[in-house]
Asker: 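Quick one: the structure is below, questions incoming.
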2 protein chains.
Amino acid sequence: MKTMHKEHTLTKNQQIIFDLIDKSSEPMKAYAILFNVQKKGIKAPLQVYRALDKLVEIGKIHKIESRNAFIACHNSSCQVAKATAFSICEICEKVTEISSAGLSKYLANFKDKDGMKYSKYNLEFFGLCKKCR
Amino acid sequence: MKTMHKEHTLTKNQQIIFDLIDKSSEPMKAYAILFNVQKKGIKAPLQVYRALDKLVEIGKIHKIESRNAFIACHNSSCQVAKATAFSICEICEKVTEISSAGLSKYLANFKDKDGMKYSKYNLEFFGLCKKCR
DNA sequence: AACACTATGTAATAATATAACATATATTAG
DNA sequence: CTAATATATGTTATATTATTACATAGTGTT
Ligand SMILES: [Zn+2]
Ligand SMILES: [Zn+2]
Ligand SMILES: [Zn+2]
Ligand SMILES: [Zn+2]
């Protein structure tokens, strides 16, 4: 078997925060998350950041670096928690995870001028989404 | 002539801050920049951020989004202020701007599943640099 | 001179993220 | 099972990154 998926059982805080992000239609910022989960007993920024760190680490969510925001992974079976690509609408800020075999293959095989390959990358495309065009 | 380069005459603050970043061997963070230019009369964060915004806008520097840091553009004639790619060493944090015709062509021509093209992108590769391998 | 535009100066504050320390819960080894 | 270890949580304080708001100054155009 080529890829074995370790099942990560989420802890309570991780589950609460993942559920919130997962059902959100847009990327969520840490303090928006905090505000939303306070009714569930998560009171401090650090509790949020710790859960976010872990969720990113195991690939359940991704951080949109240019926006300091987080979205759930929608690459179904995301073996590529470390090879991410997104399109970002510069008007409505809609973010979509790009799942392109061609793109990931190209980038995974890309060699810099020293012949160096990189297995980990993050790519953010910017433009206008369908609605905003 | 294909690309006409408007010469941007930098203002005083812009020049001070660009010079500092340009001579730095590593990406600089905004408050490190602030600290360094205080002797030159730039006293407030906003003065730094305004200069940074402008310098990014005209392509003299780039922001490394995953690090909240800034480096001078070294794509010599950077027509691609909006199409940037970097390699980042996860140990020593060395950042290098990637200048690859193949890569930029591939990305500029990349179409998502809706057939959408993106003229603007930012790509960050992560790995270990020569020294850290 | 009048106007528009860009840049600067300054103070206050907002938004994002981490350090430090105490406690609790889960996992593993003996 | 129990002790040891690792992971997760709770809490307070603080560090880091970035923007709002408003006043002033310079630059170029008509
Ligand atoms: Zn994903
Ligand atoms: Zn849009
Ligand atoms: Zn460049
Ligand atoms: Zn290195």
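Quantities reported herein were computed from a predicted structural model and do not represent experimental measurements.
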Asker: Going through the checks in order, is the side chain to side chain contact (heavy atoms under 4.5 Å, CB included) test met by B:Lys82 and B:Thr84?
Answerer: CA-CA 6 Å; B:Lys82 290 176 175 171; B:Thr84 49; over 6 Å; no

Asker: What's the CG-P distance between B:Leu34 and D:dA15, to the nearest Å?
Answerer: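 Nearest whole value for this atom pair: 16 Å.
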
Asker: Verify the distance criterion only: is there a donor paired with an acceptor across the side chains of B:Glu65 and A:Ser66 at less than 3.5 Å?
Answerer: no

Asker: Which protein N or O atoms sit under 3.5 Å from an N or O of nucleotides 16-25 of chain D?
Answerer:
unit_1, atom_1, unit_2, atom_2, d
D:dT17, OP1, B:Lys29, NZ, 2.4
D:dA18, OP1, B:Lys63, NZ, 2.7
D:dA18, OP1, B:Asn68, OD1, 3.4
D:dA18, OP2, B:Tyr49, OH, 3.1
D:dA18, N7, B:Tyr31, OH, 2.8
D:dA18, N6, B:Tyr31, OH, 3.1

Asker: Heavy atoms within less than 4.0 Å of DNA chain C: which residues of residues 16-24 of chain B have one? Give them sorted by number.
Answerer: none

Asker: Compute the bend angle of the helix from C:dA1-D:dT30 to C:dG30-D:dC1 from the end axes (five pairs per end), rounded to 10°.
Answerer: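 About 40°, once rounded to a multiple of 10°.
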
Asker: Please pick, from D:dA8, D:dT12, D:dG10, the nucleotide with the shortest atom-to-atom distance to any side-chain atom of A:Ala44.
Answerer: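 Of all the options, the side chain of A:Ala44 is nearest to D:dT12.
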
Asker: To the closest 0.5 Å, what do you measure between CG (B:Leu55) and CG (B:Leu10)?
Answerer: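 If I round to the nearest 0.5 Å, the distance is 6.0 Å.
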
Asker: In this structure, is the centre-to-centre distance between the rings of B:Phe125 and A:Phe110 below 6.0 Å?
Answerer: yes

Asker: Return the value, rounded to whole Å, for the distance between atom NZ of B:Lys54 and atom P of C:dT6.
Answerer: 7 Å

Asker: Please give, in whole Å, the distance from C:dA7 P to B:Gln15 CD?
Answerer: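 For the pair B:Gln15 CD and C:dA7 P, the rounded distance is 14 Å.
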
Asker: If we ignore angles and hydrogens, is there a donor and acceptor under 3.5 Å between the side chains of B:Glu124 and B:Asn122?
Answerer: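 Indeed, the side chains of B:Glu124 and B:Asn122 share at least one donor-acceptor pair under 3.5 Å.
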
Asker: Here's a test for you: under salt bridge (Lys or Arg N to Asp or Glu O under 4.0 Å), which of A:Lys131, A:Arg67, A:Lys29 qualifies with A:Glu93?
Answerer: A:Arg67

